[in-house]
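The figures here come from the full heavy-atom set of this structure, side chains too, leaving out hydrogens, waters and symmetry mates.
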Amino acid sequence: MDDETRRTYVKQFKRRITEEEKANGNNLKIFIVCNMLLTGFDAPIEQTMYLDSPLRDHNLLQAIARTNRPYDDKVSKLSKEFGRVVDYVGVFQNYKEALNYDPEDIGEFQDVDSLAKTFPAVLEKAMSYFSEVKLEDSYECTIALLRVLSGIDQGKFENAFHNTVQLWEAISPNPVIRPYRERYLWLLTIYELYLEEFKRTLFEADIYAMKTRELIRESAKLLNFKGHLPEIAIDSDYLEKLKETKLSPEDKAEKIIRDIETVIRLNENNSAVYVEFQQRLDELIRQKREESQAIEDILLKLSALYAEIDDVASLPRRMGFDDKGSFELFTILTNRFSGIDKPLAKEFVTESTHQLKAKIYLGWQEIFQDVNRFKFDLQLLSVSDKYAPLHLDLADNDELTNELMNAMIKFYSIN
């Protein structure tokens with residue numbers, strides 16, 4: 001090939017093969033090269049290098065490094081955490097001699113057979129949380145899994161899960177792991193349940209790497225393990241729909257807790273009011289865990305909390321605020337100072353936002369000097385005789401001042 005054609009193919013090889021790429025004639029997945037594409041070849045999308053040339057020293061190290069680049073595709077959510085070298089020459093039978101580097105600088109390369117021997121223990125570590133659950137396609141199993149998931153360190157479970165998937169991808173289709181296929185599918189099934197019930201993330205097979213995706217598509221279990229839990233949309237009829245389900249009071253409480261946590265997580269960056277909601281939820285969770293109240297009473301309080309969260313959109317108006325911005329400033333202050341004079345704090349934020357709105361103009365939030373001037377006005381108002389009893393001390397509290405100004409920028413920007 002001439003240089004221009006070759007460069008075109010290299011560009012195509014680096015791109016993710018989408019339907020659009022295929023429509024444009026790009027379905028290039030394999031390159032066969034000789035003494036090329038080692039130095040300076042940056043294609044993290046490359047998964048595997050088939051080595052059929054006796055490379056040595058820096059050439060071999062560069063070839064490995066090019067294959068071993070991590071890769072994350074933000075569109076498809078696919079990731080590559082390691083590279084694979086299929087060695088037809090035997091270089092890796094004595095790679096330390098072939099590389100001629102200090103062994104401590106190189107580290108160990110792991111072959112598939114050695115990795116396969118570690119898979120059972122890695123899988124069982126991820127599944128150990130569920131050792132007391134009878135795994136079957138039933139409502140009882142689903143509820144039991146959810147109870148376990150609600151009580152474990154979910155971060156550690158996620159790490160154990162991802163370690164297992166990564167190892168499966170590295171060694172599949174090694175025959176050593178065949179006996180563990182069913183158990184691995186159960187782990188995927190449990191993780192699907194975890195995503196949908198605790199993360200409110202719809203399960204998509206495409207989030208997994210290639211070999212796991214193939215396994216999911218081959219198996220009916222993962223795609224059919226649904227329908228045991230009530231599918232209740234988080235909307236204005238949520239509580240009524242929940243009452244009609246066959247869930248026990250204990251399980252209804254757990255479901256409301258998960259759904260309240262979801263609503264808070266989705267909205268906590270939009271309003272400080274969710275900080276208080278989280279604190280109240282934590283207290284109810286504590287009471288439930290310690291069984292300090294009957295589960296029916298806890299369920300009623302959870303339902304009331306959910307109703308408040310569901311009604312939060314109208315909360316500023318019901319509390320007498322002109323807009324969401326002034327209500328947000330008020331919430332920041334009441335979260336920061338538990339014993340604050342709320343009527344006076346309400347007057348303070350109302351006056352400060354009225355002052356701001358009287359002076360702002362198109363694009364004011366982009367002008368550094370004007371933002372600082374509005375910040376100074378806020379500090380000056382806080383030390384006036386009228387608002388001094390609040391003890392806000394904004395002039396000496398940059399963190400609180402910036403938090404209030406960021407809320408003003410968020411709610412009163414003019415683009």
For [X], I'd like to know if atom [atom1] has over 12 heavy atoms of other residues, nucleotides or ligands within 6.0 Å.
{"X": "Ile414", "atom1": "CD1", "value": "yes"}
{"X": "Lys357", "atom1": "NZ", "value": "yes"}
{"X": "Lys386", "atom1": "NZ", "value": "yes"}
{"X": "Lys125", "atom1": "NZ", "value": "no"}
{"X": "Glu399", "atom1": "CD", "value": "no"}
{"X": "Phe368", "atom1": "CZ", "value": "no"}
{"X": "Lys342", "atom1": "NZ", "value": "no"}

**Message:** Does Phe119 form a side-chain contact (heavy atoms from CB on, under 4.5 Å) with Val176? I'd like the steps, not just the answer.
**Reply:** CA-CA 9 Å; Phe119 183 76; Val176 171; over 6 Å; no
Side-chain contact, heavy-atom cut-off 4.5 Å: [X] with [Y]?
{"X": "Leu284", "Y": "Gln287", "result": "yes"}
{"X": "Met127", "Y": "Ile190", "result": "yes"}
{"X": "Tyr361", "Y": "Ile367", "result": "yes"}
{"X": "Ile17", "Y": "Lys22", "result": "yes"}
{"X": "Ile360", "Y": "Asp370", "result": "no"}
{"X": "Met36", "Y": "Arg6", "result": "yes"}
{"X": "Phe374", "Y": "Trp364", "result": "yes"}
{"X": "Tyr50", "Y": "Ile30", "result": "no"}

Kindly give the heavy-atom pair with the smallest separation between [X] and [Y], and that separation in Å.
{"X": "Thr118", "Y": "Leu115", "result": "OG1-O, 2.6 Å"}
{"X": "Leu329", "Y": "Met408", "result": "CD1-CE, 3.7 Å"}
{"X": "Asp341", "Y": "Pro343", "result": "OD1-CD, 3.0 Å"}
{"X": "Ser172", "Y": "Arg84", "result": "O-NH2, 3.9 Å"}
{"X": "Asn397", "Y": "Arg336", "result": "ND2-NH1, 4.0 Å"}
{"X": "Ala395", "Y": "Asp398", "result": "O-OD1, 4.5 Å"}

**Request:** Just jot down the salt bridge (charged side-chain N to carboxylate O under 4.0 Å, His left out) partners of Lys29, sequence neighbours excluded, or say none.
**Result:**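 Scan of Lys29 (salt bridge (charged side-chain N to carboxylate O under 4.0 Å, His left out), adjacent residues dropped) gives none.
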Check [Y] with [X], please: is the shortest side-chain N to carboxylate O separation under 4.0 Å?
{"X": "Glu124", "Y": "Arg183", "value": "yes"}
{"X": "Lys410", "Y": "Glu328", "value": "no"}
{"X": "Arg7", "Y": "Glu4", "value": "no"}

**Message:** For the backbone of Thr5 and the side chain of Asp2, can you confirm whether one donor and one acceptor N or O come within less than 3.5 Å of each other?
**Reply:** yes
**Asked** So, does Asn24 use its side chain to make a donor-acceptor pair with the main chain of Asn26 at under 3.5 Å?
**Response** no
From [atom1] ([X]) to [atom2] ([Y]), nearest 0.5 Å:
{"X": "Asn406", "Y": "Ile332", "atom1": "CG", "atom2": "CD1", "result": "8.5 Å"}
{"X": "Ile340", "Y": "Leu390", "atom1": "CD1", "atom2": "CG", "result": "5.0 Å"}
{"X": "Leu135", "Y": "Trp186", "atom1": "CG", "atom2": "CH2", "result": "5.0 Å"}
{"X": "Gln379", "Y": "Ser382", "atom1": "CD", "atom2": "OG", "result": "6.5 Å"}
{"X": "Leu380", "Y": "Leu394", "atom1": "CG", "atom2": "CG", "result": "10.5 Å"}

**Tyr387: side chain to side chain donor-acceptor pair (under 3.5 Å) partners, not counting sequence neighbours** = Glu351
Please determine, by modelled atom types, if [X] and [Y] share a side-chain donor-acceptor pair under 3.5 angstrom.
{"X": "Gln154", "Y": "Glu158", "result": "no"}
{"X": "Tyr71", "Y": "Gln47", "result": "no"}
{"X": "Asp323", "Y": "Ser326", "result": "yes"}

**ring-ring contact (aromatic ring centres under 6.0 Å, His included) pairs, two or more places apart, involving residues 4-23** = Phe13-Phe31
**Row check, Phe321 ring normal vs Lys346 NZ/CZ: under 6.0 Å, within 45°** = yes
**Request:** Would you mind telling me which of Trp168, Tyr191, Tyr129 makes a ring-ring contact (aromatic ring centres under 6.0 Å, His included) with Phe161?
**Result:** Tyr191
**Prompt:** Taking the six-membered ring for Trp, are the ring centroids of Phe130 and Phe157 within less than 6.0 Å of each other?
**Reply:** yes
